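In this text the structure is predicted, and so the values were computed from the model without any measurement. All ligand and atom numbering here is 1-based and tracks the order in the structure.
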Amino acid sequence: MAHVKVFDTTLRDGEQSAGVNLNRLEKIEIAKQLERLGVDIMEAGFPASSQGDFEAVKEIADTVRGCSVTGLARANKKDIDMAWEALKGGAEPRLHIFLATSPVHMTHKLKKTPEEVVETAVEAVSYAKEKFPYVQWSAEDACRTDLDFLVHIVEKVIDAGATVINLPDTVGYTTPDEYGKLFDYVKNNVPNIHKAALSAHCHDDLGMAVSNSLAAIEHGATQIEGTINGIGERAGNAALEEIAVALQIRQDRFDFQTNLVLKEIKRTSDLVSKLTGMMVPGNKAVVGRNAFAHESGIHQDGVLKESTTYEIITPAMVGIDSNRMVLGKHSGRHAFKQKAESFGFELTEEKLKEAFTSFKNLTGKKKEVTDDDVFAILTDTQTAYEDQPKYELKAFQVQYGSINKPTATILLTRPDGEEVERANTGEGSVEAIYNTLDDLIDEDVHLQDYQLNSIGRGRDALAEVHVQLTVNGRKTAGRGSAQDVLEASAQAFLNAVNRTLINYQTSAVQQA
Ligand SMILES: CC(=O)SCCNC(=O)CCNC(=O)[C@H](O)C(C)(C)COP(=O)(O)OP(=O)(O)OC[C@H]1O[C@@H](n2cnc3c(N)ncnc32)[C@H](O)[C@@H]1OP(=O)(O)O
Ligand SMILES: CC(C)C(=O)C(=O)O
């Protein structure tokens with residue numbers, strides 16, 4: 001299996017993402033992690049662009065020993081000299097010079113004729129070669145460059161000493177088929193091409209950066225360039241983690257491997273995301289929050305039976321502990337049952353059905369049902385007495401305003417099955433509910449204690465209420481959870497009353 005070198009440019013092209021600005025310490029932290037990840041070459045910055053970048057590149061070159069450190073330079077002596085000062089202490093000093101070769105860039109940006117561009121490139125590479133053992137030259141905007149001109153200038157810079165030729169798709173314009181053909185053309189038409197390695201550098205403007213990089217590998221690129229999480233100028237660069245994992249998973253298709261330690265991918269992605277502030281979208285391949293999450297019932301059932309039904313990458317391969325079964329409105333009974341078992345609940349079929357119904361009802365109200373929510377549902381269901389006469393809340397409404405006293409109207413089913421309705425007021429909404437329930441219930445009830453907690457942290461967290469009551473002189477406790485605080489309060493009250501009734505009935509049966 002052939003080896004493809006990984007050229008990481010997170011600290012240079014990645015930092016060119018709008019809004020990203022890494023300081024020296026942040027760059028060094030990322031550099032250390034890139035070394036751990038096993039990149040072959042790390043582009044640490046653009047030394048001539050600022051004093052800060054110069055210092056960061058220098059410190060990285062002086063410290064990193066596990067891979068080659070490079071820096072970017074324009075095709076002029078000042079940039080090359082600055083780069084040398086920053087990179088000369090590196091384990092394998094390497095320079096990356098670029099110069100645009102497409103008509104639009106040469107005419108409008110550089111304001112140079114093609115001949116002047118060839119001359120500038122050759123001069124710069126020859127000058128760099130006096131200092132650096134390895135010089136990479138990039139034909140900026142190669143994919144919109146005239147092919148004959150590209151072949152001509154590549155031949156000249158190799159003669160001048162370039163050891164790597166990069167053919168960047170600077171504006172993310174090309175397609176996999178075209179990019180592959182570009183590499184074939186350069187390989188077949190540049191007479192001295194065997195003296196240099198070919199590199200691919202893709203941008204994602206049309207969403208094809210990774211596919212284009214894979215095509216380049218199949219057509220002779222022995223080095224691929226990209227960034228972690230695909231960050232970079234405009235729509236970003238090719239995501240290195242995606243390329244490396246694609247090569248690993250599709251070994252049947254690609255006969256190439258990188259040196260990346262795949263288990264370090266997740267940590268690298270997290271670190272880059274945190275330090276750059278570029279959040280990884282949930283659905284991002286390989287490292288997105290949902291990349292190993294299954295929500296729909298049919299998928300969850302498949303994965304529980306055999307993970308490869310819906311997972312082509314194992315989470316462990318990229319340093320993620322395990323997949324996630326997200327319980328939501330698309331989930332089915334199998335995943336719900338598995339979750340209940342993982343929490344240690346042994347539910348009868350009947351209870352499971354009941355809990356699953358409560359769970360599905362909750363998914364209609366909450367965006368994501370958390371483990372805590374499911375635990376609350378399971379606890380409530382498991383500890384609820386079935387077929388025992390009890391008070392049941394059918395409906396309630398509370399009118400609250402800052403001027404009038406809150407008023408609660410409650411519709412209740414009594415233990416004998418009769419439906420009753422009342423309204424009453426209170427100093428607050430909960431008191432109004434409790435006063436109304438008092439009116440509707442035969443038992444003599446006094447509230448001793450009331451506690452309100454939130455299950456989870458989001459705006460749509462469940463409310464959990466614990467109450468202590470005396471019912472007919474006996475102390476009892478009750479618990480209720482619901483998305484609404486007032487509903488949870490009413491449920492907790494009734495739960496406490498019902499528990500007393502059930503205790504009476506149970507002891508009456510025992511005495512008989
Ligand atoms: C495809 C890429 O990603 S290339 C890398 C892009 N990265 C960056 O630009 C980030 C860092 N850049 C910077 O900090 C600044 O642009 C600097 C310090 C490099 C230059 O700043 P300034 O001197 O103010 O120039 P400015 O950025 O406005 O213009 C760029 C100049 O470089 C020239 N230039 C562009 N590419 C090259 C090149 N490869 N070789 C030589 N000159 C070049 C432009 O023609 C322009 O020259 P002009 O001033 O004679 O018109
Ligand atoms: C400097 C070059 C390689 C570049 O970043 C590009 O062309 O996108």
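Every heavy atom of Gln16 sits 4.0 Å or more from the atoms of ligand 2. Residue contact annotation: Leu72 has a non-hydrogen atom under 4.0 Å from ligand 1. Put simply, part of Arg12 is less than 4.0 Å from ligand 1, judged by heavy atoms.
Listed by number with element, the atoms of ligand 1 under 4.0 angstrom from any heavy atom of Lys109 are 45 (O). Per-residue contacts place His96 under 4.0 angstrom from the following atoms of ligand 2 (heavy atoms of the residue considered): 3 (C). Within the listing of ligand 2, atoms 8 (O) sit less than 4.0 angstrom from a heavy atom of His203.
When hydrogens are left out, the protein atom nearest atom 2 (C) of ligand 2 is Arg12 NH2, 3.9 Å; that is the closest non-hydrogen contact.
Every N/O-N/O distance between Glu233 and ligand 1 stays at or above 3.5 Å. Checked against a 3.5 angstrom limit, the closest N/O atoms of Phe98 and ligand 1 fall inside it.
Residue-level proximity to ligand 1 for Glu140 is carried by the side chain, the only part with a heavy atom below 4.0 angstrom.
Because its NZ or CZ atom is not both nearer than 6.0 Å to the ring centre of Phe46 and within 45° of the ring axis, Arg12 does not count as a cation-pi partner of that residue.
Summarising the contacts of atom 6 (C) of ligand 2 with Glu140, Glu233, His201, Glu225, the nearest heavy atom is found in His201.
For atom 14 (O) of ligand 1, the nearest protein heavy atom lies closer than 4.0 Å.
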